[in-house]
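Inspection log for the structure reproduced underneath, given as structure tokens.
The shown structure was predicted, so the numbers you read here are calculated from the model rather than taken from an experiment.
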Amino acid sequence: RGSSLRLGFAMAVPPPRETRSKILAQLGLDRQFFDQHVNKDAIEKLKQGHSGISDWDLYVGEQLLPLMSQAMDALCRRLTALQQAKAKGRDEQVIRRFNPVTWIAQYIARHHPKGPGITPRRQSMYSKFQEWSDVERGRRELLRQLGLMKSSFRGFILGDRVRVADLQKVLKDVDEALGLRGKLATNKVLLQGLTRPSPSAKKGNRSKPVFRTRTIGMDEAAVTFDEFWDRFTEVVTTEDILKYSDLQEGQLRIQQQKQRIELEEAERLEREAQRAKEAEERRQQMLRYEELCKRVQEDPEIKRMLENEELFMSGDEGAENRSDEVPPFGDHVLLLRELLEILGFGEKELGLLLEDPAEDSDSDSKASEPSVDYQASYHWDEACCTAWGMVQDALGCEFGDGCVDQRSLQAVLVPAAQFTEMKATLQEEVQRRKAEVGIKAKAHVVIDEGPTSTKPSLGLLCKTYGFTMARLDWLHEQFQLCLPEGVQDHYPTQPAALRLDAMMDLMRDLMPGVPDDKIEERFREIDQDGSNQIEFDEFVMWLCMDQIDMGEGDVTEKGGKPGFSELARRFHVPEQQVRVIHEMFEGFLPGGGPDRYPEEPQTLPRDEVLALMRKMVPTLTDEQFEAQFAFVDINTSGGLEFDEFLEICDIKPVPGY
């Protein structure tokens, strides 16, 4: 029994440190070892555009291969030691009880990369395997971007090719779409591989484009997408261009940017809703003002003042006994107080006008003053006189004494269309008074500044039409080349414009094969103001719509629902605008969505369709809605899916979407 314990203890004692280092070195757990166990077929299939290729071999190579290689090597050494012990006549029962499965499980638990007993030497080795796996995953992920590469390449085509000089811009476009912050676009090895001369060019037989354009000459180097993809895959498969962790960080940045955009969009919609609310309040105020003016002009006492310039209302005590004054109390006073309220002097403001700023520190005297209930008063008091005097000064009356007379009434009783301007003028007077004498009153006047006419920024154009800044800069270069000599386009501050003939030359290069009559038809459609000119933002909108029309949309499957790009093509609007409407559609679904359109489209009930339509088109009548809904709801399901909902929406391209 004692010898058995000694044998077991001897088997459990690890070899000396020098021996362990030698063992690890002999195993050859290096980059070559890792590359030998990578599935080479996966790379070839990804180069050809195959999908569904898994990375199980990389998981094995990173997580299992180094640990299991060490474990199996250690197990072999242990079995050799047991055989030697048996040959020396050691206790066979101890040897017989040895279980290799249990032993290797214990070994893995002790030497697992995430275990507490891992040594720095082994940790360094595992880190290297993780780094190699990260690089190989990045290689495969780049090859999986075939669709993105095609889309970006297509955005820089002139004729049927892209100039070699523009290939870096293609990479910038891909880099921006992946959120890589220049790690792909500035990779010197990749750029050199893409821009190298072709074999035929080295021999002096440079290949020439089959289509000569305005900007590509017959002797200028240009490549098709197949040539570009061959060069790209050759460099990516032979060089370590990008890590998978870089791509993950890029995706995280894109998600964060998307969240910021969604937040900005929500804030913009909130601001628009607030502006719409304020516009509705102004409209209601105008209607109320118009109705009040009629009642004011029909009041007998006010009518007397309007007809007799000698009559006035001062509000002084005993004024009712004077022949040239109108009594400072009665129904006419209530009407005038209501008029002051519309102009921004409600009961709160009138109360503040009575306070003397010089007496703010005398809290005892203020506390002893009785409060006045102006709503129950029929009197034209001091506060009303002060407010009316401000109205007189603001409207340029001869006197600003606060007395109601013919001239001040005529100045206040203007057509409803002039109400907003008059109220804004009054606000300026209130602010001037506050600055001069410290009046605490604040007239709650909303000035309608009107719509702005500034052009959308380049960043907004990118967001609107789904372009990257790299491609938008390139498009602006092409736009600039077509301008007359000496003309510069300083968009968006000082935009220049192209006439029809120059635009036709540009579109022939960007979209060869499109008939001239179609180009002219689209030009007339975009040129809504009839100026016979198109500026850069209109050109970008045109290009986006025509690219969608050329078949860059998506359909889920034959007989399935059209995707967002296909819907954008169908309705001639940017895809982003369709997605914004879809978000609104989801918000009205029972429970707030989600709608996994087009794979699993949800149905919006009829009442919710009506509510959403009235939000989008406030002037929609019940008769119009019933006719449109019945036309689209052919199967009488009582609800509409998203593509059906778009059928009843009169959507048009809107800058900002």
How far does [atom1] of [X] sit from [atom2] of [Y], to the nearest 0.5 angstrom?
X	Y	atom1	atom2	result
Arg499	Ile534	CZ	CD1	11.5 Å
Met613	Leu604	CE	CG	11.5 Å
Thr603	Leu640	OG1	CG	8.0 Å
Ile254	Leu247	CD1	CG	9.5 Å
Ile53	Gln48	CD1	CD	9.5 Å
Leu184	Gln145	CG	CD	10.0 Å

Has [X] got a side-chain atom pairing as donor or acceptor with [Y]'s backbone, closer than 3.5 angstrom?
X	Y	result
Ser151	Gly147	no
Glu44	Lys40	no
Arg471	Gly155	yes
Asp595	Gln602	yes
Glu647	Glu644	no
Glu538	Glu535	yes
Gln533	Ala497	no

Assess whether atom [atom1] of [X] is packed by more than 12 heavy atoms of other residues, nucleotides or ligands within 6.0 Å.
X	atom1	result
Lys169	NZ	yes
Lys47	NZ	yes
Arg181	CZ	no

Summary of side-chain hydrogen bond (donor to acceptor under 3.5 Å, both in side chains) pairs that have at least one residue in residues 171-180, sequence neighbours excluded =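 Residue pairs passing side-chain hydrogen bond (donor to acceptor under 3.5 Å, both in side chains), neighbours aside: Ser152-Asp173, Asp173-Thr468.
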
query = Does a donor on one side chain and an acceptor on the other come within less than 3.5 Å for Glu278 and Gln274?
reply = yes

request  = Apply side chain to side chain contact (heavy atoms under 4.5 Å, CB included) to Lys518 and Arg522, showing your working.
outcome  = CA-CA 6 Å; Lys518 293 294 184 181; Arg522 181 70 84 186; over 6 Å; no

request  = Would you mind checking if Arg596 and Glu599 are paired as a salt bridge, meaning a charged N to carboxylate O distance below 4.0 Å?
outcome  = no

message = What I want to find out is whether Lys183 reaches Asp246 closely enough, with some N-O distance under 4.0 Å, to be called a salt bridge.
response = yes

request  = Tell me, with the steps shown, if Arg524 and Leu500 meet side chain to side chain contact (heavy atoms under 4.5 Å, CB included).
outcome  = CA-CA 9 Å; Arg524 303 300 179 194; Leu500 175 59; 3.5 Å; yes

message = Is there a side chain to side chain contact (heavy atoms under 4.5 Å, CB included) between Leu589 and Glu608? Walk through the geometry before answering.
response = CA-CA 7 Å; Leu589 287 171; Glu608 299 301 326; over 6 Å; no

key: Results of ring pair (Phe, Tyr, Trp, His ring centres under 6.0 Å) for Phe153 - residues two or more places apart only   =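 Checked Phe153 against ring pair (Phe, Tyr, Trp, His ring centres under 6.0 Å); matches are Phe225, Phe228.
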
For His476, ring pair (Phe, Tyr, Trp, His ring centres under 6.0 Å) partners two or more places apart =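 Phe536.
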
What I'd like to find out is whether the side chain of [X] reaches to under 4.5 Å of the side chain of [Y], using heavy atoms alone.
X	Y	value
Phe588	Val609	no
Arg31	Phe129	no
Leu475	Phe539	yes
Leu612	Met584	yes
Met504	Phe523	no
Gln478	Leu158	yes
Leu194	Leu171	yes
Glu249	Arg253	yes

So which heavy atom on [X] is nearest to which on [Y], and how close?
X	Y	result
Val487	Ala496	CG1-CB, 4.0 Å
Tyr491	Asp537	OH-CB, 3.2 Å
Asp230	Thr233	O-OG1, 3.1 Å
Trp542	Met503	CZ3-CG, 3.0 Å
Met149	Trp229	CG-CZ3, 3.7 Å
Ala502	Cys482	CB-O, 3.7 Å

request  = With Ser133 as reference, evaluate Glu136, Gln130, Arg137, Glu131 under the side chain to side chain donor-acceptor pair (under 3.5 Å) test and give the passing residue.
outcome  =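 Going through the options one by one, the only one that passes is Arg137.
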
request  = Might you work through the salt bridge (charged side-chain N to carboxylate O under 4.0 Å, His left out) test for Arg144 and Asp55, ending with a clear yes or no?
outcome  = CA-CA 12 Å; Arg144 289 189 176 101; Asp55 294 333; 3.0 Å; yes

request  = Report the residues that fulfil side chain to side chain contact (heavy atoms under 4.5 Å, CB included) with Glu270, sequence neighbours left out, ordered by chain and then residue number.
outcome  =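 Listed in chain order: nothing, the list is empty.
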
query = Of all residues at least two apart in sequence or in a different chain, which pass the side chain to side chain contact (heavy atoms under 4.5 Å, CB included) check with Asp643?
reply = Lys561, Pro562, Leu567, Tyr597, Glu641

key: Residues forming a side chain to side chain donor-acceptor pair (under 3.5 Å) with Asp516, sequence neighbours excluded   = Arg508

inquiry  = Does the plane of the ring in Trp132 sit parallel, tilted or perpendicular to the ring in Phe34? Use 30° and 60° as the thresholds.
reply    =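 Answer is tilted, since the angle falls between 30° and 60°.
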
request  = Decide side chain to side chain contact (heavy atoms under 4.5 Å, CB included) for Glu234 and Arg196; before the verdict, give the C-alpha distance in whole Å, the side-chain angles of both, and the deciding distance to 0.1 Å.
outcome  = CA-CA 12 Å; Glu234 181 181 349; Arg196 72 180 190 277; 3.2 Å; yes

request  = For side-chain hydrogen bond (donor to acceptor under 3.5 Å, both in side chains), just list the numbers for Asn39 and Arg140, CA-CA rounded to whole Å, side-chain angles, deciding distance to a tenth of an Å, and then say yes or no.
outcome  = CA-CA 11 Å; Asn39 183 11; Arg140 295 186 182 184; over 6 Å; no

